[in-house]
Protein chains: 4
Amino acid sequence: MQPVSAGPSRPRPVGRGAKVHRAVLAATLAELTETGYAGLTVENIAKRAGVHKTTIYRRWQDRERLVTDAVIDLAASTLPIPDSHDIDADLRAFGRGLVGWLNSPTGQAVLAVLASDAARLPQVAKAKQRLFNDRIGRAAPVVQAAVDRGQLPVGTDPAALLKTLIAPIYLRLLVTAEPVTETTADTAAQVALTAARAGLLTGAAHQPAP
Amino acid sequence: MQPVSAGPSRPRPVGRGAKVHRAVLAATLAELTETGYAGLTVENIAKRAGVHKTTIYRRWQDRERLVTDAVIDLAASTLPIPDSHDIDADLRAFGRGLVGWLNSPTGQAVLAVLASDAARLPQVAKAKQRLFNDRIGRAAPVVQAAVDRGQLPVGTDPAALLKTLIAPIYLRLLVTAEPVTETTADTAAQVALTAARAGLLTGAAHQPAP
Amino acid sequence: MQPVSAGPSRPRPVGRGAKVHRAVLAATLAELTETGYAGLTVENIAKRAGVHKTTIYRRWQDRERLVTDAVIDLAASTLPIPDSHDIDADLRAFGRGLVGWLNSPTGQAVLAVLASDAARLPQVAKAKQRLFNDRIGRAAPVVQAAVDRGQLPVGTDPAALLKTLIAPIYLRLLVTAEPVTETTADTAAQVALTAARAGLLTGAAHQPAP
Amino acid sequence: MQPVSAGPSRPRPVGRGAKVHRAVLAATLAELTETGYAGLTVENIAKRAGVHKTTIYRRWQDRERLVTDAVIDLAASTLPIPDSHDIDADLRAFGRGLVGWLNSPTGQAVLAVLASDAARLPQVAKAKQRLFNDRIGRAAPVVQAAVDRGQLPVGTDPAALLKTLIAPIYLRLLVTAEPVTETTADTAAQVALTAARAGLLTGAAHQPAP
DNA sequence: GACTAAACGAGACGGTACGTCGAGTCTTTGT
DNA sequence: ACAAAGACTCGACGTACCGTCTCGTTTAGTC
């Protein structure tokens, strides 16, 4: 079992406890991926992490906090945002990057959480949305720059375009359970660009005035 | 002497059991919608259905079978497929119909199951895919007729088009937790049509040769 | 809606009931002997009697009444009281008869009830005592006749003598779980006679004045 | 049941468990005395012991083992064996001691088990016999000494004599449900002595050669 | 010999207790 | 002094049997 990427180090003055901390979070994610949120057992996590149950409860108040923590850790994982000033290439690269990440162990874990009752936990839901908003927020300037360069119509909503791009990918993963490849990403990118150039993805269309 | 009743088959004098059956399935779906699969309690279901716990176990072997049964029941629900020979209007109507269904209690229940650990149960996963395949399968001829009428490019893959249509809707419901309205459906329909007319949604693009 | 009929309003004695009645009581005793009172199952009794559970509940209000009824039936079984005007021979015969009866199926059933929680049921306890009192009451005149004939000391309490006779037999069956044979009965008879002739078994000795 | 006394190595750092252990056994005996084996409820035992049901199941595999353990504990209770070198006085004292013990809470519990379906449990049956054999085994030397001193006939079987002594007491308790007093014990002692002095209680009479 | 009403077969149901599993708390002990 | 070990409370699981209920189906006694 490979440990999850360390991510931003959390300065806990616990000494060697940090090792335990990471082991438990990694074990939690592994169990989450394998058995889902229902069926998640603190005792199994403890066993897999080579740690006693009480040790877990000393650090996390309950199962929800533990899962939340593990997922938040995950949501911090970054996806590089391509920016080559060629919006067609950039969107294709963005889509392929997303597909690659979703097929990686980390991405699988995130998907497992998305399609799980764990997503009902408020903190997890927040982390989930933060993850998406963060990515879209970081990619939006690239799209906006393309608009400013005239590669896309004025008024194009970067968020709407990006969502149009990623939607087919998640549909296949979460709903129809079809395999997702780079072809899927490429088609999605083309569709999104075509729609944008047809002037369909303006903010008004997606966020009507209240 | 009385002749023996004809045939070895014994008709079941099903008493009032049918009423109980329905009440339990309804209660199961309600609980599933409210609390998710984890946190689902047979005792709560029994209480809500006004039935005793053992009665439930008499009809369903365990919690999984119960949930499976409830969801399969659900998956049988049909969505009318519009067919006015105007593909633009039909797709918009299809999208709006889907949105309306997803906002109904039944749709909410289906969504709750989709985004739940219940989907890990093999039978539930099968039911889930059957639901989608069935709908797409029933809508595909309408799209194909439009192709035949020349309203869409030759070679357009009906399934790919329909998936492009529904993807943004599910993305908002399952991932970004944004509200979904008829506007969402309309935009999605336009995007899908535009992409199709750009020749992006051919079968080849989605199912590349091995 | 009572149809008027001539004579007393006596329900029609529709009659295969008696057969069922006996079958159930027999099955009850068999189960009682095999598995004891704890572990007694109405459903098993029904199965053994070739009868449906509800049929049993139609005739007996609950398990206790059923067991009570079965045992009371049993307690009515009679043991012949020897009377040859030779008290030594009679007591020996009485002891041997008791041993034989206790080793018979009926006796085994009675023992099973004696050493069972069924004896806590008031009606069963009464039946149990009635059984013993009845036997001792029927044998007492024989002993009293021996006293009158001068074969035993004046003042000898027949009940005390008979109890002294049967006590070792029941001790072996109920407490020490030793086998009981005719030798046991013979020794017990001799002991009882010796004690009586020593003047130890007068009523006063057992029922001291208050 | 007492844990093994601590040796050089302590494999079990038993917590406060010992207190719970005793409380549960005591509650088991109390319930057993009050309601018998049938009708014995683990949940009631737990409630009475101020302990949770699962705690009981952690220590005892099932109800049978629990009852067995409680009774075995009981069977360890000792009865002092009088030895004044006056066999008449000693037997009377033995009888009175037995009566006193049987009227005590401990004795009542033992009787409750004797006359219960719990006695069908193999381990309980063994414990029961061990209890009796142990007591008779410890009293036998006193009787044998009396034989050696010439107070009883040569060849007298101590076990046979002692059983003759205790038989009427158990008969009254288990069968006829009469009250048992010291008078009962005194008479029984006299009867046993008289029988022994008449040469009736030799081993041969009770244990015929196979 | 047909009618009719009691008795029976069948089985679902509410309910109690079983024995099991896991969550989360608390206590004892070793170092 | 403090953390590991594990015993404890609590709640739900899925099972067995109790005793009740309501249907239909014999079956025996009367007409």
Side-chain angles (χ1 to χ4, degrees), chain A residues 14 17 20 39-44 46 51-64 66, chain B residues 1-2 5 10-21 39-46 50-66, chain C residues 1-3 5 11-21 39-44 46 50-66, chain D residues 10 12-21 39-46 50-66:
Chain A
V14 191
V20 170
L40 193 69
T41 291
V42 174
E43 277 163 359
N44 282 346
V51 152
H52 198 267
K53 190 176 68 160
T54 40
T55 299
I56 293 181
Y57 280 108
R58 233 191 308 285
R59 295 176 184 279
W60 293 275
Q61 301 181 343
D62 51 27
R63 207 175 47 168
E64 299 196 0
L66 172 57
Chain B
M1 296 297 282
Q2 296 291 339
S5 64
R10 317 195 75 179
R12 273 195 199 169
V14 187
R16 74 165 179 225
K19 213 184 311 177
V20 170
H21 198 93
L40 194 70
T41 291
V42 174
E43 279 167 357
N44 282 345
I45 293 173
V51 151
H52 202 269
K53 188 178 67 158
T54 45
T55 297
I56 293 181
Y57 281 110
R58 226 171 265 124
R59 292 174 175 280
W60 293 275
Q61 301 180 344
D62 50 27
R63 211 175 40 172
E64 298 197 359
R65 309 280 183 118
L66 173 56
Chain C
M1 36 197 278
Q2 293 262 56
S5 67
R12 205 153 43 156
V14 175
R16 80 186 149 184
K19 215 184 307 178
V20 170
H21 197 94
L40 193 69
T41 292
V42 174
E43 277 164 359
N44 281 347
V51 150
H52 200 267
K53 190 176 69 161
T54 41
T55 298
I56 293 181
Y57 280 109
R58 238 174 247 124
R59 294 177 175 278
W60 293 275
Q61 302 181 343
D62 51 28
R63 209 174 45 169
E64 299 197 1
R65 310 282 183 116
L66 172 57
Chain D
R10 268 194 201 172
R12 278 182 73 180
V14 182
R16 72 160 179 227
K19 213 184 309 176
V20 170
H21 199 95
L40 194 69
T41 291
V42 173
E43 279 168 357
N44 283 345
I45 293 173
V51 150
H52 202 268
K53 189 178 67 159
T54 45
T55 297
I56 293 181
Y57 281 110
R58 212 172 286 117
R59 294 173 174 280
W60 293 276
Q61 302 180 344
D62 52 26
R63 211 174 43 171
E64 298 196 0
R65 309 283 183 117
L66 172 57

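Letters A, B, ... are given to chains in the order of the sequence lines, protein chains preceding strands, and every chain is numbered from 1.
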What is the separation between atom [atom1] on [X] and atom [atom2] on [N], rounded to the nearest whole Å?
X       : N      : atom1 : atom2 : result
B:Glu43 : E:dG14 : CD    : P     : 14 Å
C:His21 : E:dA6  : NE2   : C1'   : 17 Å
A:Gln61 : E:dT25 : CD    : P     : 9 Å
B:Ile45 : F:dG11 : CD1   : C1'   : 16 Å
A:Leu40 : E:dC21 : CG    : P     : 18 Å
C:Lys19 : F:dT26 : NZ    : P     : 16 Å
A:Arg59 : F:dC2  : CZ    : C1'   : 13 Å
C:Trp60 : F:dT20 : CH2   : C1'   : 18 Å

### Query
Taking the nucleotide of DNA chain E with the closest heavy atom to each, which residue, B:Arg58 or D:Arg58, is nearer the 5' end?
B:Arg58
## Note on the structure
Value for OG1 (D:Thr55) from NZ (D:Lys53), rounded to nearest 0.5 Å, stands at 11.5 Å
### Message
Checking C:Thr41 now: which residues fulfil side chain to side chain donor-acceptor pair (under 3.5 Å) with it, not counting sequence neighbours?
### Response
none
### side chain to side chain donor-acceptor pair (under 3.5 Å) partners of D:Arg58, counting only residues at least two apart
none
### Message
Tell me the closest heavy-atom pair linking D:Trp60 and D:His21, and the distance in Å.
### Response
CZ2-CE1, 3.5 Å
#### Entry: Minimum-distance pair of heavy atoms, taken over all atoms of D:Val42 and D:Arg63
CG2-CG, 3.9 Å
### Query
Among residues 50-57 of chain B, which contact DNA chain F at a heavy-atom distance under 4.0 Å?
B:Lys53, B:Thr54, B:Tyr57
### Message
Using a 4.0 Å heavy-atom cut-off, does C:Arg63 contact any base of the nucleic acid, only the sugar-phosphate backbone, or nothing at all?
### Response
sugar-phosphate
